[in-house]
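Chain naming here is simple, since letters A, B, ... match the order of the sequence lines and numbering starts at 1 in each.
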Amino acid sequence: MASIWTLQFHSLYFPHRVSSTVAKLRTEFTLSQGRLSLNRWSTNRKFQLKAVRDSASSNEDQNLESGKVAVAADTKTKDPVAKFQETLISLPPVAFVMKRHTRSSFAIGLSLSTAFLVIVVRAFIVRRSRYNRPGSVEDLVRRGQLRSDRRGISRPLKYEDPFNNPLVKVGKSNSTMEMCGKVYRLAPITLTKEQQTIHQKRRSRAYQWKRPTIFLKEGDLIPPDVDPDTVRWIPANHPFATTANDIDEDLAQNNVYQKQGVPFRIRAEHEALQKKLEALQNFNNCRHFCRHGCFYLLTIERVFFVQEHVN
Amino acid sequence: MLSLIPSPTIQFKPLFPSKTIKPLKPFSSKSSIQSVLQWNRKPELAGETPRVVVITSGKGGVGKTTTTANVGLSLARLGFSVVAIDADVGLRNLDLLLGLENRVNYTVVEVLNGDCRLDQALVRDKRWSNFELLCISKPRSKLPLGFGGKALTWVVEALKSRQEGSPDFILIDCPAGIDAGFITAITPANEAVLVTTPDITSLRDADRVTGLLECDGIRDIKMVVNRVRTDMIKGEDMMSVLDIQEMLGLALLGVIPEDSEVIRSTNRGYPLVLNKPPTLAGLAFEQAAWRLVEQDSMKAVMVEEEPKRRGFFSFFGG
């Protein structure tokens, strides 16, 4: 018996054998605008099958088989699109297969469609959350960085201190947490007071140190009443340290504690400048006086000289 | 790494607790709290004010100045008045990190010489008016040793008795080494924060410095472990924080993860804690500042683990 499928599809190339019912099926596979369009299956399957079975006969089968060979020979010379079309046509329609095993097919179909739906929905949600405008104010409020009560965008913060951090997602068992894409586990501190005391004793034995109170230049003599452990030697060419103590300590302390008024050195310089100006002014006055005074005396002398000569 | 402090009475809270938590105390009216993460309460200041804290390490380049700048600004942002002192006589760089290098006109040397008053040498940060910077000296000046420590003690006393009130925190950025600069910096301090990195050279220097601090009478010493790489710890290429604690025997103030944003923030003169959104290192600094205020220490650290393997049904959200 010829297969039902070959009978149906070969009717495309043997139009004189096509019944009206098969023609309906043929129209399901049409080439429109160079593309193969698959329309929805019509529900007239039963009708088509019946038509096909009625027309089946041995003679026709042989003719069909020869036709099949002729068709097969023809495909080699046809273009890829037609070849693809024929390949598709040769595939058994899913609906007909499904009709054989109704219950399991239905279950498989249902589970596949459910899985596909869940994946699509999840991808949509993830994409939507990813493509929120990054760094926007709303994003900051959502993450808990900014107050929301002034904006009315999201609910107010519900934690008291920085250690209940919304960026840190605590796991159900409270021992693991997820942060910035990494998973962390809490490891408690194991240092006890006794261990701290042991470390302190160790250090006190290892590092015997006295605060240096005397800073001497290399080569200087240590004063007699000074503990050598409290002496710190400074090289003479040290770039940022000097042992020369040019500053009066009491004066320096007063300068640090001064709260108001002109600082000491500025005032001292100002006073010095003032004195200098006054001195300069006095000197100029004196010089001016002397100059004029001498001229007057010279004038008087000349007058006397002239008088004497006249006389 | 961020940390959680589970006290015996408080359980880990779920992400969205059912009850609304009301604030325990009203916010300070002087300055509104504008920390990066908006909390419902302010940390409770413990200890006597002003709290004079020296930030030291021994080894150079471990992050003392970065810690001083970030913790200081975090404290200022929480509403406390802070004065940060750069005690490095020859190599001053706290002003660079804070972006205030163009505003430093006078230093403590000028104050000692009488060229200016102490309040004229303090540089107020324009971003946070309750944060001030004081530099010891300019790079080319020489400070007479012998009364460097005395001078800093006078400065701290003068800050306590100033007209606008004593600051809550005085942070002293200590220079590297255990030389005269170190001695100057630790003289007026009551507490110390030891900054270290998870490598053996830094740990040895840190141990030595801790010994010197204890000899000098400073007992309240807490540790900040900087530049932590959790991936290297997981691969056992780096010591874990617990190993470091076992070696040094000090309480943990904070664990700061390695962050490339530190270099960018240094270049910009914009400390890490001011970034929005915050980086992990910035959040860790903020938490360390919180613990410093409350004189608390970490009770647990986070250890990176392998992520959960996603099974077949993970497609369905499992």
Side-chain angles (χ1 to χ4, degrees), chain A residues 118-119 122 140 144-147 157-166 168-170 174 176 179-180 182-191 195-196 199-200 203-204 206-207 209 211-212 215 232 234 239-247 249 252-253 255-259 263-266, chain B residues 2 4-5 12-17 20-21 36-41 89-90 111-118 142-147 151 154-155 158 163 180 183 208 210-212 214-216 242 245 248-249 252 277 280 286-287 290 298-305 307-308 315-317:
Chain A
V118 167
I119 290 167
R122 195 159 179 268
L140 287 172
Q145 308 303 326
L146 290 177
R147 284 190 175 279
L157 300 176
K158 290 181 180 176
Y159 44 89
E160 283 198 337
D161 53 58
F163 307 105
N164 285 327
N165 195 325
V168 179
K169 292 176 193 172
V170 181
N174 283 347
T176 60
M179 186 173 64
C180 300
K182 292 184 183 178
V183 176
Y184 294 93
R185 176 180 56 83
L186 265 187
I189 297 289
T190 54
L191 185 76
Q195 285 172 337
Q196 269 185 296
H199 277 283
Q200 282 171 3
R203 281 191 286 261
S204 67
Y207 307 115
W209 184 73
R211 168 190 288 277
F215 293 87
R232 180 58 61 92
I234 302 294
F240 303 114
T242 176
T243 54
N245 208 345
D246 299 331
I247 301 175
E249 283 194 20
Q253 190 172 7
N255 290 338
V256 171
Y257 284 121
Q258 185 179 0
K259 302 264 189 305
F264 173 77
R265 183 176 275 190
I266 305 293
Chain B
L2 292 178
L4 295 172
I5 297 184
F12 283 117
K13 292 179 184 172
L15 206 57
F16 303 107
T20 307
I21 299 166
V36 172
L37 295 165
Q38 298 291 305
W39 316 120
N40 289 342
R41 68 177 180 98
V89 172
V111 175
L112 288 169
N113 291 340
D115 291 328
C116 69
R117 296 191 305 269
L118 182 60
K142 283 197 180 192
L143 181 70
L145 298 172
F147 74 87
W154 295 336
V155 165
Q163 283 174 351
I183 297 160
R208 175 106 194 224
T210 309
L212 301 183
E214 285 169 349
C215 286
D216 203 47
L242 294 177
Q245 197 176 39
L248 292 179
L252 263 178
L280 283 180
E286 190 151 346
Q287 289 191 346
W290 193 288
M298 289 173 70
K299 300 290 183 284
V301 295
M302 292 211 294
V303 178
E304 189 178 331
E305 284 203 327
K308 281 185 288 188
F315 285 115
F316 303 102

| message | Does any backbone or side-chain atom of A/Gln195 lie under 4.5 Å from a heavy atom of chain B? Answer side chain, backbone, both or neither. | response | neither

| note | The side-chain contact (heavy atoms from CB on, under 4.5 Å) partners of A/Ala187 (sequence neighbours excluded) come to A/Arg185, B/Leu242, B/Val301, B/Val303

| field | For A/Pro263 against B/Gly114, the heavy-atom pair lying closest together | value | CB-O, 3.1 Å

| query | Taking only residues two or more places apart in sequence or in another chain, which ones pass side-chain hydrogen bond (donor to acceptor under 3.5 Å, both in side chains) with B/Glu214? | reply | A/Arg203

| note | For A/Glu249 and B/Trp154 the tightest heavy-atom approach is O-CH2, 3.6 Å

| request: Please name the pair of heavy atoms, one in B/Gly249 and one in A/His199, separated by the smallest distance, quoted to 0.1 Å. | output: CA-CD2, 3.5 Å

| Leading residue by heavy atom contact count with chain B [cutoff under 4.5 Å; candidates A/Leu191, A/Ile189, A/Val256, A/Thr190] | A/Ile189

